[in-house]
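All values below were derived from every heavy atom in this structure, side-chain atoms included, with hydrogens, water molecules and symmetry-related copies excluded. Just so it is clear: chains get the letters A, B, ... in the order the sequence lines come, proteins before strands, and each one is counted from 1.
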There are 2 protein chains.
Amino acid sequence: MGNKRLTVREIAEIANVSIATVSRVSRGTGQVSPETRERVLKVIEEHGYRPSQMGRALAEQRHGSVAIVFPGLAGPYFSEVIQGFEFEALEAGASVHIVGTHGRAAADEDVLAMSARVDGIAVHGGTIQEETLRRLAAEVPVVVLAGQPLEGIPAVRADNSRVAELTRHLLLDHGYRRLTFVGNPDGSPDVTERWEAFKQGHREARVPAPKNPVRIGMQQSDGVIAAGELLDGRRPPGAIVCANDETALGVLIGALGRGLRVPEDVAITGFDDVAMSSLVQPGLTTIRQPIRELGAVTARLLLSGVGNPGALMNTVLTTELVLRGSCGCR
Amino acid sequence: MGNKRLTVREIAEIANVSIATVSRVSRGTGQVSPETRERVLKVIEEHGYRPSQMGRALAEQRHGSVAIVFPGLAGPYFSEVIQGFEFEALEAGASVHIVGTHGRAAADEDVLAMSARVDGIAVHGGTIQEETLRRLAAEVPVVVLAGQPLEGIPAVRADNSRVAELTRHLLLDHGYRRLTFVGNPDGSPDVTERWEAFKQGHREARVPAPKNPVRIGMQQSDGVIAAGELLDGRRPPGAIVCANDETALGVLIGALGRGLRVPEDVAITGFDDVAMSSLVQPGLTTIRQPIRELGAVTARLLLSGVGNPGALMNTVLTTELVLRGSCGCR
DNA sequence: TTGTAAGCGTTATCAA
DNA sequence: TTGATAACGCTTACAA
């Protein structure tokens with residue numbers, strides 16, 4: 001392994017041409033006579049020559065790779081965002097660095113350091129501080145994913161306000177009282193907006209909203225734990241509005257595990273519409289956002305040049321209310 | 001954004017020293033007088049100078065990054081492997097490329113192309129063909145993660161044979177008959193070994209093993225679907241041994257959703273011991289493998305030089321049977 | 001202790 | 001159509 005790689009110069013020597021010609025042939029640019037091209041191509045083939053990425057990067061002044069930064073990587077949401085992002089990036093010939101900060105103390109530093117190795121960075125909302133984001137944007141093109149645009153930094157996100165519609169549905173169509181919101185508004189812009197929309201929905205329905213959300217993480221296991229706190233108490237809520245499907249599924253599992261009936265004993269809703277949500281019994285009522293598309297649009301924006309005049313600054317993808325059994329429908 | 005970056009030469013000029021001195025100061029090598037260091041450091045600080053990764057890579061002849069290749073990224077298993085891997089890599093100053101092949105047709109090509117941009121690649125079992133793996137190893141150091149070592153390519157994996165112990169536990173301690181294995185042995189080396197161990201356990205217990213496994217994917221949603229096929233039939237199995245916790249949790253959710261009791265109506269076991277497994281009702285009996293450690297060990301091996309004499313070729317991490325309620329214990 | 005200069009492997013501009 | 005040759009930004013002998 002690691003057989004010393006051949007360089008342009010060596011290939012040139014073997015093929016009896018100049019390095020310029022080798023370069024032209026290998027990248028298919030410029031004019032080369034058919035015979036020469038043939039000869040060089042053969043040598044390239046025979047020796048399995050691949051131009052060095054390092055040399056190329058330096059000459060072209062571009063890394064040929066982009067990064068996407070997340071708070072964590074667990075769960076189907078992130079996986080799908082990445083799929084959309086990765087697909088577009090590879091399409092454009094750029095490789096992808098994925099960074100999960102996982103609450104690391106040096107996260108902001110790490111992301112800043114990453115700016116020296118890529119042509120652009122997509123940052124998921126709720127991962128690094130605003131100040132860091134600003135400094136980052138001074139170094140490389142940046143796009144915010146699932147967050148607010150900020151001083152020349154464009155954002156791509158989903159329409160979280162639809163949670164208001166969901167909330168009205170629970171309050172008015174089903175007549176539930178005592179709704180609880182599960183999720184940490186300080187954790188990410190998405191959750192902030194969903195919590196706001198939850199309160200907005202209450203206002204529109206003229207029902208007083210709860211003062212505080214139940215602050216937990218975004219994973220299934222967090223939902224299970226929350227279910228314990230919410231459902232073992234004396235006055236469980238009529239409906240639980242979760243910040244995402246993962247936690248909603250956790251709450252659902254917790255509820256079923258306690259022998260409770262959903263939605264008779266408690267209604268549960270989520271956000272995302274991941275695969276599991278249509279498979280569980282009862283099906284999870286949720287808000288569908290185009291997760292893959294979110295990643296894809298972000299990648300395209302990042303790769304098409306962020307500073308461009310006329311570039312989109314605030315792309316909001318539409319969402320859709322999906323009614324299933326867990327809210328009481330059907 | 002994208003303010004033209006300063007180069008060593010410019011910093012050198014401003015600080016009134018040579019580029020060599022700037023380099024020495026910025027990387028902290030060689031001898032520099034305190035005053036000079038001070039002065040240069042100040043200029044570096046003031047102008048926010050960061051050495052170009054491209055220039056550095058070319059000069060040092062190393063990319064300063066490694067890659068890890070997975071079939072997919074969904075689920076807590078991958079997330080934790082990555083955390084272990086990423087932590088070690090960052091510790092060593094290398095950034096991490098994560099590649100999810102997601103069943104892409106061009107996956108093998110993509111991985112091969114990646115070899116031009118990194119100093120080493122860790123490949124999870126079941127992602128690319130053996131032939132591709134061999135060609136890859138001819139280009140860069142390679143470590144197989146959760147798979148068999150192959151002609152000079154070292155592997156890091158967990159002891160899957162413990163599934164035999166679990167199987168005996170179900171057959172002999174609990175007296176279940178008609179066990180079913182859920183998972184696709186052709187999908188990954190891990191599952192191959194677990195399926196083999198499942199049959200081995202039957203042999204040791206002198207109970208005939210089922211001829212075929214129920215071939216499904218490794219995600220929770222796959223488990224839910226499998227639950228439908230398995231539990232709606234006329235003769236549901238006494239116990240379902242799943243290839244991993246995710247599918248086991250899916251089966252469990254499917255069973256509970258059908259109003260079945262676990263383990264009374266059907267026992268369920270998994271593999272991994274992810275967070276959810278200890279939280280569900282009943283707790284999931286499973287085999288714990290040190291997932292994070294798996295990623296960390298792989299990274300260390302990759303970064304410490306794979307071809308070295310005396311390098312470990314086959315690291316097998318121990319696993320542990322964890323008995324909870326879903327098998328009938330307690 | 002500091003500086004000069006030779007790479008590192010490409011791409012791309014001119015000439016020929 | 002080809003070939004010299006100058007960048008690209010850094011590290012690192014070797015000299016001073």
Side-chain angles (χ1 to χ4, degrees), chain A residues 2-41 43-44 47-65 93 113 115-119 139-140, chain B residues 2-41 43-44 47-65 93 113 115-119 139-140:
Chain A
N3 298 319
K4 195 89 187 64
R5 257 206 163 83
L6 292 184
T7 73
V8 240
R9 250 169 283 270
E10 301 173 286
I11 296 293
E13 183 156 2
I14 298 172
N16 226 335
V17 292
S18 73
I19 60 170
T21 300
V22 173
S23 178
R24 282 190 277 255
V25 170
S26 90
R27 62 197 335 257
T29 69
Q31 296 292 316
V32 185
S33 80
E35 310 95 70
T36 312
R37 146 162 293 120
E38 193 66 22
R39 183 154 39 100
V40 175
L41 230 37
V43 175
I44 287 181
H47 295 76
Y49 166 74
R50 283 175 190 264
S52 146
Q53 176 59 30
M54 304 175 195
R56 171 172 287 183
L58 192 56
E60 291 183 340
Q61 285 296 83
R62 47 169 256 133
H63 298 85
S65 65
S115 73
R117 351 178 116 260
V118 295
D119 303 319
E139 307 271 340
V140 290
Chain B
N3 297 321
K4 194 86 187 64
R5 256 206 162 81
L6 292 184
T7 72
V8 239
R9 251 170 283 270
E10 301 173 286
I11 295 294
E13 183 157 0
I14 298 172
N16 226 333
V17 294
S18 72
I19 60 170
T21 299
V22 173
S23 177
R24 282 189 277 255
V25 170
S26 89
R27 59 197 338 257
T29 67
Q31 295 291 315
V32 184
S33 80
E35 310 94 71
T36 312
R37 144 161 295 121
E38 193 65 23
R39 183 156 39 100
V40 175
L41 230 38
V43 175
I44 287 182
H47 294 77
Y49 166 74
R50 284 175 190 267
S52 145
Q53 177 58 33
M54 306 176 196
R56 172 173 285 184
L58 193 55
E60 292 182 338
Q61 284 297 84
R62 46 169 255 133
H63 300 269
S65 65
S115 72
R117 352 178 113 261
V118 296
D119 303 318
E139 306 274 340
V140 290

Full working for side-chain contact (heavy atoms from CB on, under 4.5 Å) between A:D119 and A:V140
CA-CA 6 Å; A:D119 303 319; A:V140 290; over 6 Å; no
Check step by step if side-chain hydrogen bond (donor to acceptor under 3.5 Å, both in side chains) holds for A:S23 and A:S26.
CA-CA 5 Å; A:S23 178; A:S26 90; 5.1 Å; no
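In this view, B:R27 and B:E60 satisfy the salt bridge (Lys or Arg N to Asp or Glu O under 4.0 Å) rule, not counting sequence neighbours.
The side chain of A:Q61 lies closest to D:dC8 when the candidates are C:dT2, D:dT1, D:dC8. You'll find that the side chain of B:V17 is closest to C:dG3, out of D:dT1, D:dT2, C:dG3.
Distance CD (A:E38) to P (D:dT2): 13 Å, rounded to an integer number of Å. Rounded to a whole Å, the CD1 atom of B:I11 is 13 Å from the P atom of D:dG9. When the P atom of C:dG9 is taken as reference, atom CD of A:Q53 falls 14 Å away, rounded to whole Å. In this entry the distance linking NE2 of A:H63 with C1' of D:dG9 reads 11 Å, nearest Å. At whole-Å resolution of the value, CD1 in B:I44 and C1' in D:dG9 are 14 Å apart.
For A:V43 against A:A15, the heavy-atom pair with the smallest separation is CG2-CB, 3.8 Å.
In this structure, A:T21 reaches the D:dG3 phosphate: one of its side-chain N or O atoms is under 4.0 Å from OP1 or OP2. Contact annotation: B:S33 side-chain N/O to C:dT1 OP1/OP2 distance is not under 4.0 Å.
Open room surrounds CD on A:E13; 12 or fewer heavy atoms of other groups in view lie less than 6.0 Å from it.
Side-chain contact between A:R117 and B:H63 is absent, with no heavy atoms from C-beta onward closer than 4.5 Å.
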Just the table, please: protein N/O against nucleotides 10-13 of chain C N/O, every pair under 3.5 Å.
from   : atom 1 : to    : atom 2 : distance (Å)
C:dT10 : OP1    : A:Y49 : OH     : 3.2
C:dT10 : OP1    : A:S52 : N      : 2.8
C:dT10 : OP2    : A:V8  : N      : 2.6
C:dT10 : O5'    : A:Y49 : OH     : 3.2
C:dT10 : O5'    : A:S52 : N      : 3.3
C:dT11 : OP1    : A:R27 : NE     : 3.1
C:dT11 : OP1    : A:R56 : NE     : 3.0
C:dT11 : OP1    : A:R56 : NH2    : 2.9
C:dT11 : OP2    : A:S23 : OG     : 2.6
C:dA12 : OP2    : A:R27 : NH1    : 3.2

